[in-house]
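We count residues from 1, following the sequence as given. One-based numbering, in listed order, for ligands and for the atoms of each.
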Amino acid sequence: MLSDDAAAPAGAETVAAAAPLTAAGVSHTDAQQGTTDAGEALRARIMQQAENQHDQADDAMRSAAEEAAVKKAAEEAAAQQRQAERKADAEAAAKKKKEREAREAKALAERRAKLAKSYALPTSSYTITSHFGVAGSMWSSGHHTGLDFAAPTGTPLKAVHTGTVKEAGWAGAYGYRTVLELSDGTEVWYCHQSSMNVSAGQKVSTGDVIGRVGATGNVTGPHLHMEVHTAGGSTVDPLAWLQSKGLNP
Ligand SMILES: [Zn+2]
C-alpha cells in the first residue's frame, strides 16, 4: 500500500494518518483542511472499495464461467474418449469374431478333407435315381430304404471305409448283397450286385473293390442300392451319412 498517495487504494492506516485523532490544538483552517482531506480519502476509499468489489464480482463471474467451460470441455473430452473406446472395443470384437470364423471354417475344411481321405464314394460314373425315404409301392416297406446309384453293370463297387465284411451272398429282393460293417457298428449294404469280390469275415480298406454293379433281385435296371444301418439297427439316409463323412455324392 502506498499510504502517502491519495489516488492509491486507501487502507485504514491512510485514513487514520490523514484524519486528526482529535480537534484539540488544531486551527480552524487546519481542521477544515484535515476534514476536507479526510473526506477526500474516505470518498476515494469507498470508490476504491466499490471498484474492488466490482472487480471481484467480475472476477468471480469470469472464473465461474471459465470453470464451467473447462468442466464442459472435460466432459466432452471424456464422452469422446468413451465413444472412441466403445468403437475400438466393437472393432476389436468384430475382428476377433472374423478371425474365429475363419479358424472354424479352416478347421471344418481340414476335417472334411481328412474324412474324405478316409471315406470313399461306393461307386463312380453313376446317376442318383432314387433318394432315401421316397414313398412307392415297389418297395415292400412302402418307402425307399436306401440310395440308388444307377450305373452300367460291371461298374466297380468300393468299400466306403475300412471295415469287415459281415455278409456276402444272396438276399432275395436285394439280389447279391454285401454287408460291410465298420468299427463303430455301422453297416453299409451293397445290393443288386452282378458279382461279389469278397467273403464274410474279410477285412477291407477304404476304396477296395468289393463287387460290381448289377441288376439282381427286385430291380428294373442295373444300379447299386446302398443302405446305411446304424449300430442300433435304424436305417438312415445314405446321402446325409456320406455327406457327414465329407463326401458329396
Ligand atoms: Zn434302391
Side-chain angles (χ1 to χ4, degrees), residues 108 111-249:
L108 185 67
R111 196 164 61 87
R112 285 232 166 114
K114 206 175 165 189
L115 282 169
K117 271 186 196 159
S118 63
Y119 283 82
L121 287 170
T123 189
S124 53
S125 308
Y126 59 84
T127 303
I128 290 176
T129 51
S130 182
H131 284 87
F132 176 84
V134 176
S137 57
M138 60 277 217
W139 297 297
S140 56
S141 65
H143 69 272
H144 197 212
T145 52
L147 183 65
D148 287 356
F149 297 77
T153 294
T155 304
L157 294 173
K158 294 169 189 170
V160 293
H161 194 59
T162 298
T164 306
V165 176
K166 191 176 179 183
E167 287 175 43
W170 183 256
Y174 288 116
Y176 286 111
R177 179 186 67 180
T178 296
V179 174
L180 174 63
E181 188 176 29
L182 310 185
S183 61
D184 68 352
T186 302
E187 288 183 7
V188 181
W189 295 9
Y190 298 78
C191 307
H192 312 308
Q193 296 179 62
S194 58
S195 66
M196 296 182 290
N197 295 27
V198 292
S199 51
Q202 192 175 329
K203 302 256 185 215
V204 295
S205 298
T206 306
D208 285 354
V209 174
I210 59 168
R212 303 269 167 187
V213 170
T216 57
N218 187 11
V219 295
T220 54
H223 73 278
L224 162 67
H225 169 91
M226 177 192 177
E227 286 192 12
V228 177
H229 296 246
T230 65
S234 50
T235 312
V236 296
D237 182 358
L239 182 64
W241 185 81
L242 288 167
Q243 284 170 341
S244 78
K245 305 304 180 191
L247 297 165
N248 290 297

At less than 2.8 Å, would any N/O/S atom of His223, backbone or side chain, sit next to the Zn ion (ligand 1)? no

Above 12 or not: heavy atoms from other molecules or residues under 6.0 Å from CZ of Phe132? yes

Could you list the donor-acceptor pairs under 3.5 angstrom formed between side-chain atoms of residues 186-195 and any protein atom two or more places apart in sequence or on another chain?
residue, atom, partner, partner atom, Å
Thr186, OG1, Asp184, OD1, 2.8
Thr186, OG1, Asp184, OD2, 3.2
Glu187, OE1, Trp189, NE1, 3.0
Glu187, OE2, Lys166, NZ, 2.5
Tyr190, OH, Lys158, O, 2.7
Tyr190, OH, Val160, N, 3.0
His192, ND1, Tyr174, O, 3.3
His192, ND1, Thr216, O, 2.8
Gln193, NE2, Thr178, OG1, 3.0
Gln193, NE2, Tyr190, O, 3.0
Ser194, OG, Val213, O, 2.8

Within less than 2.8 Å of the Zn ion (ligand 1), any N, O or S from His225? yes

State which residues pass salt bridge (Lys or Arg N to Asp or Glu O under 4.0 Å) with Glu167; sequence neighbours excluded, sorted by chain then number. Arg177

Within the distance-only criterion (no hydrogens, no angle test), does the side chain of Thr206 pair as donor or acceptor with the backbone N or O of Ser118 below 3.5 angstrom? yes

How is the N/O/S atom of Asp148 that comes nearest to the Zn ion (ligand 1) named? OD1

